[in-house]
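Here is the structure we will look at, set down as structure tokens.
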Amino acid sequence: MEGSKGNGEGGGFSAAEAERAKRLVELQSRLSDQLLANFAENMKALSHYQPELARIFKDYRPRESMEFFCTENGEANLTFVERNEIFYKSDSPRAFCKSQVDDFIANQNFRQVNFAHEYDPFGQIHFRYLNEITDRLNNEILPNLRHVREIGESLPCLVVLGCGLGYCLEELYGRLEILNLVLIEPNPDLFFASLHTCAWAQLFKFLEDNNYPIRIIVGERPGEAFERLYDFYVEHGQFMGGFKLNFVHYRSPEVDACEQQVVAKYDRIHSSLGFFDDQVFGTSHAVHNVLDGHHLVKRDTEFPDAMRDYPLFVVANGPSLDQDMAFLRANQDKAIIMACGTALDTLYHAGVKPDLYAATERTESVAQSVEMIPDRDFLKDIALVCMDVIHPRTAALFGHSLIFSKYDEPFCKLVRSFPGIDNWRPLPLGNPLVANCAVSAAVVLGFRKIYLLGLDCGARADASACHSRYSTIYSRWGNSENVMRNDLQRPLPGNFGGEVLSGGLYEMCARNIEIVIALYRGRFERDFRVFNCSDGLAIRGTEPLRSMDSGIPGLPDLDKRAFLSFIDHELTFVADCRREDLMAMLDFSSFDRLVDLLAGVWKHDLPRSRAHFVQRMEACVEQLSDLAKSNLGFYADIISGSVNSFFLQMLRGLYCTSDALEGLGIGKSLLGSYINFLSDSKAIIRQIPDYLIGQQQRIFNNKVGFDHEGSPAPSMPSHENLRLSDWQDGQRTFEKRYS
């Protein structure tokens, strides 16, 4: 048999090839030892810095077979055995990651939220001072920038989708100062692999030494991954949600799904912050509603079984309501009817008498809209369903009420254990629209058969209006429909097929209804069903049903007097407490100390860099986040939304230019308005409980806040009034109609 050829001819190896093979074997052997050593070191660090992850990966077994192999330059790469696929399709995984980061930096695609000057109808210090910052940025600073926008030496935050073997993280942190990073790795196998290849232990120590927070989210489904990301921003600063920048390391269906969630929902991080004046108004209204003797919903009482089986019609004012009006008229005695907001006016003119009226807004306009109904007898035997922040003027219009404590409001946290109110039931997910209050109340109170009518959360593309044609309120202002239609930009699946235009608050309304239905679906002994009769947006957890197919006409008439009597005498209570007791609970000196702490951060030793500036803002929010979990939670909650809003605008100033020093100077120049806001807030909060919308305009000499150097206090705006002096309702008396 002929021997092998040394020159590579035939089936043999050349000397060079043999040497190469020998070298690869040696590299592979050294790599194997190094991978095991890395894993041991990283698991020790993970136990210290990320104990939850350490517990998951201590005895982890990958879902699919993976093998490390060594490239010729000694780098680790990964093969998925069953699918015979190499993870990094490159001779040098590290070079690939470097090139990827090079491209990321060169072709940055970051976006910042751009606030516009916001109209303030009530005279609120939040908007006074935030508009000062916004106007300076938009009218003076941004038009005169000397440098273009690009990624500078630091990033306030970055979302990384997919870590791979971790090389991209080493490269990113080596090239950029990343102050906050959220890593979403949907494939736990890959994160497990990175514990063998990435210098996690060194990275964690580096992050700790520089106070750079990181949140690692592994193996979560896309929706849950976003919720974990959202929690990170709540803890460290929702203001950072105004800076949007993602880095996608690799592509897979799971990574793509996570990216879609982040892109679609990212604005939610900063879009529902709340603000100081609104919280003060809400607290003042709540105190008045408690002391005025209105009926509060008991935590430990529900309707009896017979009443829980009553059909409940939740009637909103969407355009599809007109299709169901004949059904409503004919069957109004066979179901409990809850009118949502302006649907009260619609039902009045259509001849339908509701039993419940749901309202959410704390403004006086709600009371004004109800007062436009000329027949005062129409309101008799209608019970108000609302949360405690409702304007006292609205509550005073109704002789019966079911007032819930607003679950996410500071006052709810404050009175949770207060004697005489501790049995008060909170209402979850009662916003953003009045339909949320109505559906949440219906579900919480235990109704088993709920029918949604006119709850369109949008409109068909060919719809001529956004509300029922029976509604007279919207027809009095020529642009109201157009303003609402501007929010209807997203085509989404319709309840009865096809597509519906929705978006903004309408879409959020539907999503919150879905959540509350899912939360309560399993609590009932018997069937709990929500039927969506609206020709609008599809809502998960509801069953599409045409009203004429409901079977309601075959049911007997209800004893509505007994229903209302149960509300008044069993389901609700009147608080047994005094004004002085509630006021003693409001320790304003604690708020003063908190505000002094927030202001003191900026009084001495101003930030030396953009990174230092961001970290100071983070420290303030983190302190508020910690206080929110303590007995000082009321004071933290009442101001944290405004603090995040001011910081969001200051962050925009810091990063509106590629020149770090210029950005730092801009950020510092905006601090004055924020400090003035903090100063004024101490005086405003002391007006609780008499700081009512529409009545607060008489306080402080009819000025919005106080005079400051370079910022004189403006006059209060004119009082809001929906009533048109020359308008007369053609239907002076309510007429109940059955056809």
Side-chain angles (χ1 to χ4, degrees), residues 264 311-332 334-343 346-347 350 352 358 432-436 438-440 442-443 447-471 474 481 484-518 521 527-555:
L312 175 69
F313 295 165
V314 175
V315 182
N317 208 14
S320 75
L321 179 60
D322 294 346
Q323 303 171 20
D324 296 310
M325 196 58 75
F327 168 82
L328 269 172
R329 287 173 179 153
N331 297 284
Q332 57 183 303
K334 301 177 183 298
I336 301 300
I337 299 176
M338 188 186 315
C340 298
T342 57
T346 296
L347 295 181
V352 176
L433 300 181
V434 64
N436 294 105
V439 175
S440 291
V443 172
F447 285 98
R448 295 186 177 114
K449 300 292 185 292
I450 302 170
Y451 298 79
L452 310 180
L453 299 99
L455 209 160
D456 297 349
C457 293
R460 293 280 181 184
D462 58 354
S464 59
C466 295
H467 296 92
S468 166
R469 64 184 173 88
Y470 292 95
S471 179
Y474 292 100
E481 289 285 343
M484 293 180 178
R485 190 170 286 279
N486 288 337
D487 286 338
L488 307 181
Q489 302 296 329
R490 278 168 54 83
L492 295 169
N495 184 45
F496 294 121
E499 288 185 337
V500 170
L501 293 177
S502 186
L505 295 180
Y506 291 112
E507 190 176 355
M508 188 185 300
C509 170
R511 298 294 86 85
N512 281 356
I513 288 174
E514 292 173 353
I515 294 170
V516 79
I517 289 173
R521 183 172 294 282
D527 287 346
F528 164 62
R529 303 175 76 179
V530 182
F531 301 100
N532 191 354
C533 306
S534 314
D535 190 10
L537 189 64
I539 300 176
R540 288 190 297 270
T542 69
E543 304 174 43
L545 178 73
R546 301 287 184 184
S547 59
M548 65 282 293
D549 298 328
S550 65
I552 299 293
L555 297 178

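Only heavy atoms go into these numbers, but all of them, side chains included; no hydrogens, no water, no symmetry mates. Here, residue 1 is the first one in the sequence, and each next residue gets the next number.
- A side-chain donor-acceptor contact under 3.5 Å links S534 to the backbone of L452.
- Atoms SG and CG, on C509 and L537 in that order, are 9.0 Å from each other to the nearest 0.5 Å.
- Remark: the backbone N or O of V516 is not paired with any side-chain donor or acceptor of R521 at under 3.5 angstrom.
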Run the numbers on I539 and V530 for side-chain contact (heavy atoms from CB on, under 4.5 Å), then give the verdict. CA-CA 10 Å; I539 300 176; V530 182; over 6 Å; no
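- Of all heavy-atom pairs between S502 and E507, the closest is OG-N, 3.6 Å.
- Contact detail for K334 and P553: the closest heavy-atom pair is CE-O, 3.6 Å.
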Let me see the working for N331 and L555 under side-chain contact (heavy atoms from CB on, under 4.5 Å), right down to the final yes or no. CA-CA 9 Å; N331 297 284; L555 297 178; over 6 Å; no
With side-chain contact (heavy atoms from CB on, under 4.5 Å) as the criterion, how do S550 and Y451 come out once you've worked through the C-alpha distance, each side chain's angles and the decisive distance to 0.1 Å? CA-CA 9 Å; S550 65; Y451 298 79; 3.9 Å; yes
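- Between D324 and S547, the shortest heavy-atom distance links the atoms OD1-OG, 2.6 Å.
- Of all the heavy atoms in R529 and E543, the pair that sits closest is NH2-OE1, 2.7 Å.
- When all heavy atoms are compared, the tightest approach of D527 to R448 is O-CB, 3.5 Å.
- N436 places a side-chain N or O within 3.5 Å of a backbone atom of L433 that can act as its donor or acceptor partner.
- The aromatic rings of F313 and F327 sit tilted relative to each other, their planes meeting at an angle between 30° and 60°.
- F496 and N532 make their closest contact through CZ-O, 3.8 Å (heavy atoms, listed as atom of the first residue, atom of the second, distance).
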Verdict with supporting geometry, V500 and R460, side-chain contact (heavy atoms from CB on, under 4.5 Å): CA-CA 5 Å; V500 170; R460 293 280 181 184; 4.1 Å; yes
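- No side-chain donor-acceptor contact under 3.5 Å links S320 to the backbone of G536.
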